[in-house]
Amino acid sequence: MSENSTEMRATESAEQSRWSMVGKDPWTMPIEKIDLSHPGIWHTNEFLPFLERLRKEDPVHFCAESAVGPYWSVTKYSDIMEVDTSPHIYSSEPTVGIIDSYEEYTLPMFIAMDPPKHDDQRRIAQPVVAPANLKRLESIIRERVCNILDGLPVNEEFDWVKHVSIELTTQMLATLFDFPFEDRYKLTFWSDAATAIPGAGVVNSNEERWAAMEECLQVFTGLWNERVNAEPGSDLVSMLAHGEATRNMAPMEYLGNIILLIVGGNDTTRNSISGGVLALNENPAEYDKLRANHGIIPNMVSEIIRWQTPLAYMRRTALVDAELGGKQIKAGDKVVMWYAS
Ligand code: HEM
């Protein structure tokens, strides 16, 4: 798909596109025509029965024609596990997104790399979210949650996503990067700009997106220069600047990995906090169970991620011919693991 058609998609209604599944009957339409790649049914929250039919009738499903080209949909746990744990067959390169990437608009980042480089770089950043570090951060997270909730307006309507989900995740991201706290909303903007479809509200064009990315690189290069000459610290910038697998990254790779970490920490947690609160309010009996027994909070966290699924899918590309769930995947085929299923 060209950049132009990507921009067109942003301006047309998600339901009106010729590729949209909105309004189609998931149970009676020809199964080979089911196409989960268009955002329409995700906007209108109609995607679940499509996934249910694929799980029941065709768990490794080929869609021959779509706005993003031909691709396989994998909708069952065991098949998803097989794909996700076989990087020698199913590669994360050149992209984990369903739309084929354009070299000029693609940043190298370790999520879109295969072992060994993927594992070496991931190992550098991983300690920041390891249980020991989260334990260290627990009191500050609790304090911030209380401050944010105590500061909410009472008896008046307010935007939960903006005032709670974005505020909390942005504050915590700033801490993970040891980023200047007063400038923290830049992190939110860079994350939103990196993932936005041009014209859909955050940036108007790819040029505007790149201007935001350049500003991000400039600011983070300043932080790198500060920290590379200091003693190794426990923030992500210092960890990357001192890590063996990351200390010699080219500027674009540094930017790519910074964007990966900002987007990874921003979108997912924002959406699971928001979707979780919505789900509890829509299911008052579940909310009552939780109020009566705080011991079930750990279960609630996993359940919210399952229920809300902040990341609907990841894509892989087959490196060799392979069999999956009785289907023949060919080298070069696009394979999409639908976690939302
Ligand atoms: C509700 C919270 C979160 C969910 C549901 C979530 C989900 C995911 C998923 C499904 C993947 C892809 C795994 C794969 O390709 O097999 C991923 C990768 C990643 N996430 Fe998260 N994530 C969350 C929070 C975070 C946070 C807070 C950060 C950083 C501060 C983060 C950073 C990353 C990174 C760096 C990767 C790439 C890992 C790799 O390539 O091995 N995520 N996440």
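Atoms within a ligand are numbered from 1 in the order they appear, just like the ligands themselves. Everything numeric here is computed off the predicted structure, so don't read it as measured data.
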*Any nitrogen or oxygen of T269, main chain or side chain, under 3.5 Å from a nitrogen or oxygen of ligand 1?*
no
_Under a 4.0 angstrom heavy-atom cut-off, which atoms of ligand 1 come close to R122?_
38 (C), 39 (C), 41 (O)
*So is R316 close enough to ligand 1, meaning a heavy atom under 4.0 angstrom away?*
yes
*What protein heavy atom sits nearest atom 18 (C) of ligand 1, and how far off is it?*
I111 CD1, 4.0 Å
*Quick one: do R227 and D235 make a salt bridge, cutoff under 4.0 Å?*
yes
*With the threshold set at 4.0 Å, does a side-chain nitrogen-carboxylate oxygen contact exist between R315 and D100?*
yes
*asked:* For E52, is there an ion pair with K56 - N to carboxylate O distance below 4.0 angstrom?
replied: yes
_Return the closest protein heavy atom for atom 42 (N) of ligand 1 as residue, atom name and distance._
G264 O, 3.3 Å
*Considering only heavy atoms of L176, which atoms of ligand 1 have at least one such atom less than 4.0 Å away?*
30 (C)
_Could you tell me, atom by atom, which parts of ligand 1 come under 4.0 Å of a heavy atom of L260?_
35 (C)
*Can you see which heavy atom on T95 is nearest to which on A112, and at what distance?*
CA-CB, 4.3 Å
*asked:* Measuring from atom 27 (C) of ligand 1, which candidate in P87, A112, G265 has the nearest non-hydrogen atom?
replied: G265
_For ligand 1, the portion of D84 having any non-hydrogen atom under 4.0 Å away_ = side chain
*Go through ligand 1 atom by atom and flag the ones less than 4.0 Å from a non-hydrogen atom of S272.*
1 (C)
_Need the ligand 1 atom indices (1-based, order shown) with element for anything under 4.0 Å from a heavy-atom of F110._
35 (C), 38 (C), 39 (C), 40 (O)
*So, the side chain of R209 versus the backbone of A194: is there a donor-acceptor pair under 3.5 Å, distance only?*
yes
_Quick check on contacts: which atoms of ligand 1 are under 4.0 angstrom from a heavy atom of P310?_
5 (C)
_For a quick check under 3.5 Å, do S17 and H38 share a side-chain donor-acceptor pair by atom type?_
yes
*Among all protein non-hydrogen atoms, which one is nearest to atom 22 (N) of ligand 1, and what is the separation to 0.1 Å?*
T268 CG2, 3.7 Å
*asked:* Please find the pair of heavy atoms, one from P94 and one from T317, that lie closest to each other, and give the distance.
replied: CD-OG1, 4.2 Å
*Within a distance under 4.0 Å of any heavy atom of L311, pick out the atoms of ligand 1 and give their elements.*
7 (C), 8 (C), 9 (C), 10 (C), 11 (C), 43 (N)
_Please compare Q121, H118, R315, R123 and report which has the shortest non-hydrogen distance to atom 40 (O) of ligand 1._
H118
*Looking at I41, I31, D35, which one forms a side-chain contact (heavy atoms from CB on, under 4.5 Å) with F50?*
I41
*asked:* Quick check with a 6.0 Å cut-off and a 45 degree axis cone: is R291 positioned over the face of Y287's six-membered ring?
replied: yes
